[in-house]
Amino acid sequence: MALDTASRGVSTLPTQAQIVIIGAGIVGCSAAYHLAQRGWRDLVVLEQGPLFETGGSTSHAPGLVFQTNASQTMAALARDTVELYSQLASSEGLPCFYPVGSLEVASTPERWADLHRKLGFAQSWGLAAGLLTPEAAQAKLPLLNASRIYGALHVPSDGIAKGVRSAEALARAARAQGAAFYGETPVTAIEVAQGRVQAVVTPQGRIATERVLVCAGIWGPRVGRLAGVSIPLTPVQHQYVKTSALPELAGETREVVQPILRHQDKSLYFRQHGDCYGIGSYQHQPLLVDAEAIRSRAESPVMPSVMAFTPEHFERPWTDAVELLPALAQAERPYQINGLFSFTPDGLPVLGESQQVRGFWVAEGVWVTQGGGVGKVMAEWLIEGTTSLDLRECDLQRFEAHAHSRTYVQLRGAQQYREIYEIIHPAQPLEQPRPLRVSPFHQRHKELGAVFFESRGWERPQWFNANQALLSQQPGPERAGWAGRHWSPIIGAEHLASRERVALYDLTPLTKLEVTGPGALTFLQQLMTNQLDRPVGRVTYTAMLNPRGGVRSDLTITRLAEQRFQIGANGPLDLAWLRQHLPADGSVCVQDITASLCCLGVWGPLARDLLQPLSEQDFSQAAFPYFTAQSVSIGAAPALAQRVSYVGELGWELYAPAEYGLYLWDLLWQAGQALGILAGGRGAFDSLRLEKGYRLWGVDLHTEHNPYEAGLGFVVNFDKGDFIGREALLHAKTQGLTRRLCALRLDDPSQLVLGKEPIFSGEQVIGYVTSANYSYSLGHGIAYGYLPLDFAAPGTPVTIAYFGERYAATVSPEPFYDPKNLKLKS
Ligand code: FAD
């Protein structure tokens, strides 16, 4: 039976529960709803404030929902949210979602170009959208000053979500299924024993439970600390005002009928409230608040998540607002707040279970826009252990250790706030904190004029200005605009020289794991699709699946001894997955050895000529075949040499203890002078790997793809015994494929695309670009994308939308470069 106990001070709490959800904002209510829908009955939601105007961010959110996002996952979460809220109503029958549509206007040519790119995201992710002329935009929103804009992106299914109303409606449905909500019941302690949640404690009593789900919004870090878990986010103040009645809207009694509006060039957004208007501004410098400093309800004049308005920050935004909507000019602003909400280091939500404290789940850093969808995936995750949507970008485990520090969270949170409406190039490097992590080769990179970008804290060369000398002619087409940013023709020169001579690529930042112990082989066999019971010294390329058969990662695993394996992994998510599945008997140990080793890719047709004279080991094809590894000495430096290459050339990856790194680099560099050795950057690395058809996890494949769709069927070995995802994969194989990752060649050699663009057959969107680059070896643009089988045959013509233009492309056999692997195995 539903327990409704918002009453103050009465201890009616149950003594135990299947799960305790902390927080009854939109996220907590959505999670409770989805869990209850899926049959969880014994679930309790505890809220420190009153239900459902709790005093959290949901209580004052104006509820604009823009679904278009550069992240496919965020767009999908928003789409699910719109679908959910659209089905809900208040107990009086008022809607929870108003699909009034959205307009994002451009007041600069750069923004107008960017809206074309954004239209591409919408089309790629299956969202109906279009671009409007200023006049057409004004026809939808007559208050708009059409003379100030170049045009607008229009998404008809966007609109206004009523946050509190939705939360209440979701809670009502959850209660009908047995969920219990308790207002004014703060969680003051979380009991943890042997690394597992045991109970939550409130002034009204203790609830024994094995699981908590923290949906505490800006209080998240505080609740995390109750269990010793870091939740990396910072509360930030954000301004929102409401005007007095506008004469232009006189008599308008409906809540909202006009499209919501974004004016990103001025960091503003707008919505109608009956006969008034609401304006939000991100224009001011970030005003961070420590989670510990959030005031209690008793101390808060309005509510805990509302701080005093700072008028000095709203002067310029108001002028800008009036310029776009002149009708505002005479209006007063009776409602003005600095509201609080959460910013994470990368601007994306933080979802999932803690590794340190099992049973401690979080759903934090979530907007109303994604609240419905997040509740759905959290329920899937809790119930099935996996999700239908790929959540790599939102997973709590995605962060490196430094990302949990207060310094990093504050620096990055502030930067996310600043950049929220800026036009950000995907290759634009972070500004701070840098440099944070450097490889032993960093000094040499600087001497060679490296242009660095940052990845997971590491400084990584994108190209080397010292290689300017390699540029005899322009490699590939001239690049203007977006494609020319954070790019240099030197990348093309490094690409071509790597195919002709020998190059050093710094692979130190790649995550390296070691698995040891008497149970190591059995453990890995249960997680990996490929056969790992191979002779010591063999390297195996394999996939790791989730229970649904989706690719969690692709890895290179080297058997160093009977029960000792070194793994080339994709990042912290892999480490977390391995640790999550460790046997309880302690027979396996998994360690992150990234920092202890440096790694150089020594690649190119002259790689053997470089290495052989420096080593007493035999680097010949017969003695050191492809996909094998040996302990070697390079000069006096001990190293593990692996005969693999992600760029598709002869070569070895050398893993040496980090302290030998500088010696190793200098030795190879000196010896390589006679061979025309060069340093290669990440830019060339990417174009080389793509023309060789090597997939990039997280881009070309993730958990929404199975290995067959991704073209990795060759890493699946059903005969070796059971592994996670085997059953689902067998089922998928029996059902047959419906889509496949295809290679596309752009027909016009002067054209190229960059990734995430929609792929069309006629006017029908049939897929989107996963990876794209220029094939400098072949002299044309290349791209990959999943296409329905009807369009997957080589020779099929398609078009790709790029900033509003359509580029012709043709499905091609792959890989583009060295399809018989002759270079690799020479
Ligand atoms: P909350 O709504 O804050 O809920 C968390 C709950 O946890 C609170 O009720 C709190 O009382 C409770 N809690 C915390 N600690 C405890 C404890 N120890 N014990 C028990 N309970 C606890 N998003 C949009 O999508 N569109 C918008 O237009 C939009 N506009 C915004 C405008 C402003 C001015 C602001 C500040 C935010 C806006 N947002 C918007 C963001 C959005 O409001 C939030 O991201 C969202 O409401 C967060 O929901 P939540 O459920 O995670 O957090």
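Both ligands and their constituent atoms are indexed starting at 1 by order of listing.
With a 4.0 Å cut-off on non-hydrogen atoms, W367 touches ligand 1 through its backbone as well as its side chain. Heavy atoms of S59 found under 4.0 angstrom from ligand 1: none, in either backbone or side chain. Under 4.0 angstrom from ligand 1, the non-hydrogen atoms of H60 all belong to its side chain. Here T188 has no heavy atoms under 4.0 Å from ligand 1, in either its backbone or its side chain. Contacts between L46 and ligand 1 below 4.0 angstrom, taking non-hydrogen atoms only, involve the backbone exclusively.
Here atom 26 (N) of ligand 1 lies nearest to L64 when heavy atoms of L64, V368, T185, L340 are compared. When the heavy-atom distances from atom 19 (N) of ligand 1 to L226, I190, V187 are ranked, the shortest goes to V187. Nearest to atom 53 (O) of ligand 1 by heavy atom, out of P235, G217, G183, is G217. Of the candidates P62, P186, G371, P62 brings a heavy atom nearest to atom 32 (C) of ligand 1.
Within 6.0 Å of CD in Q87 there are more than 12 heavy atoms belonging to other residues, nucleotides or ligands. The number of heavy-atom neighbours closer than 6.0 Å to CZ of R254, taken from other residues, nucleotides and ligands shown, is 12 or below. Summarising the local packing, NZ of K376 is surrounded by 12 or fewer heavy atoms from other residues, nucleotides or ligands at distances under 6.0 Å. Other residues, nucleotides and ligands contribute at most 12 non-hydrogen atoms within 6.0 Å of the CZ atom of R406.
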Please output the side-chain donor-acceptor pairs of residues 45-56 that fall under 3.5 Å, not counting sequence neighbours, one pair per line with the distance.
from : atom 1 : to  : atom 2 : distance (Å)
E47  : OE1    : A24 : N      : 2.8
E47  : OE2    : G49 : N      : 2.7
T54  : OG1    : G56 : N      : 3.0

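R262 forms a cation-pi arrangement with F66, by the criterion of a distance under 6.0 Å to the ring centre and an angle within 45° of the ring axis.
In terms of polar-atom proximity, Y240 is not counted as a contact of ligand 1, lacking any N or O under 3.5 Å from an N or O of the ligand. Ligand 1 has no nitrogen or oxygen under 3.5 angstrom from a nitrogen or oxygen of A61. In terms of polar-atom proximity, T369 is counted as a contact of ligand 1, with an N or O under 3.5 Å from an N or O of the ligand. Looking at ligand 1, you'll find an N or O of Q48 within less than 3.5 Å of one of its N or O atoms. Residue-to-ligand polar distances place T54 within reach of ligand 1: an N/O pair is separated by less than 3.5 Å. Geometrically, ligand 1 and G28 share no nitrogen or oxygen pair separated by less than 3.5 Å. In terms of polar-atom proximity, G339 is not counted as a contact of ligand 1, lacking any N or O under 3.5 Å from an N or O of the ligand.
Side-chain N/O atoms of Q410 and D290 include no donor and acceptor closer than 3.5 Å. Side-chain atoms of T369 and Q67 include no donor-acceptor pair closer than 3.5 Å. A donor-acceptor contact closer than 3.5 angstrom is absent between the side chains of Q415 and R412.
Near W219, the atoms of ligand 1 lying under 4.0 angstrom from a non-hydrogen atom of the residue are 3 (O), 8 (C), 10 (C), 14 (C), 15 (N). Of all the atoms in ligand 1, the ones that sit under 4.0 Å from a non-hydrogen atom of C215 are 5 (C), 6 (C), 7 (O). Within ligand 1, the atoms closer than 4.0 Å to a non-hydrogen atom of G56 are 2 (O), 3 (O), numbered from 1 in the order shown.
Ranking the protein heavy atoms by distance from atom 52 (O) of ligand 1 puts V27 CG2, 3.3 Å first. When only non-hydrogen protein atoms are considered, atom 41 (C) of ligand 1 lies nearest to F341 CD1, 3.3 Å.
Side-chain contact between W381 and D395: present, with at least one pair of heavy atoms (C-beta onward) separated by less than 4.5 Å.
Annotation: Y269 is not in aromatic contact with H263 [ring centroid separation under 6.0 Å not met].
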What do the steps show when you test Q177 against R41 for side chain to side chain donor-acceptor pair (under 3.5 Å), and what is the final call?
CA-CA 7 Å; Q177 307 269 7; R41 294 288 169 263; 3.2 Å; yes
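Heavy-atom separations between V366 and ligand 1 include at least one value shorter than 4.0 Å.
Considering I218, T58, N338 in turn, I218 is the only one that fulfils the side chain to side chain contact (heavy atoms under 4.5 Å, CB included) rule with S305.
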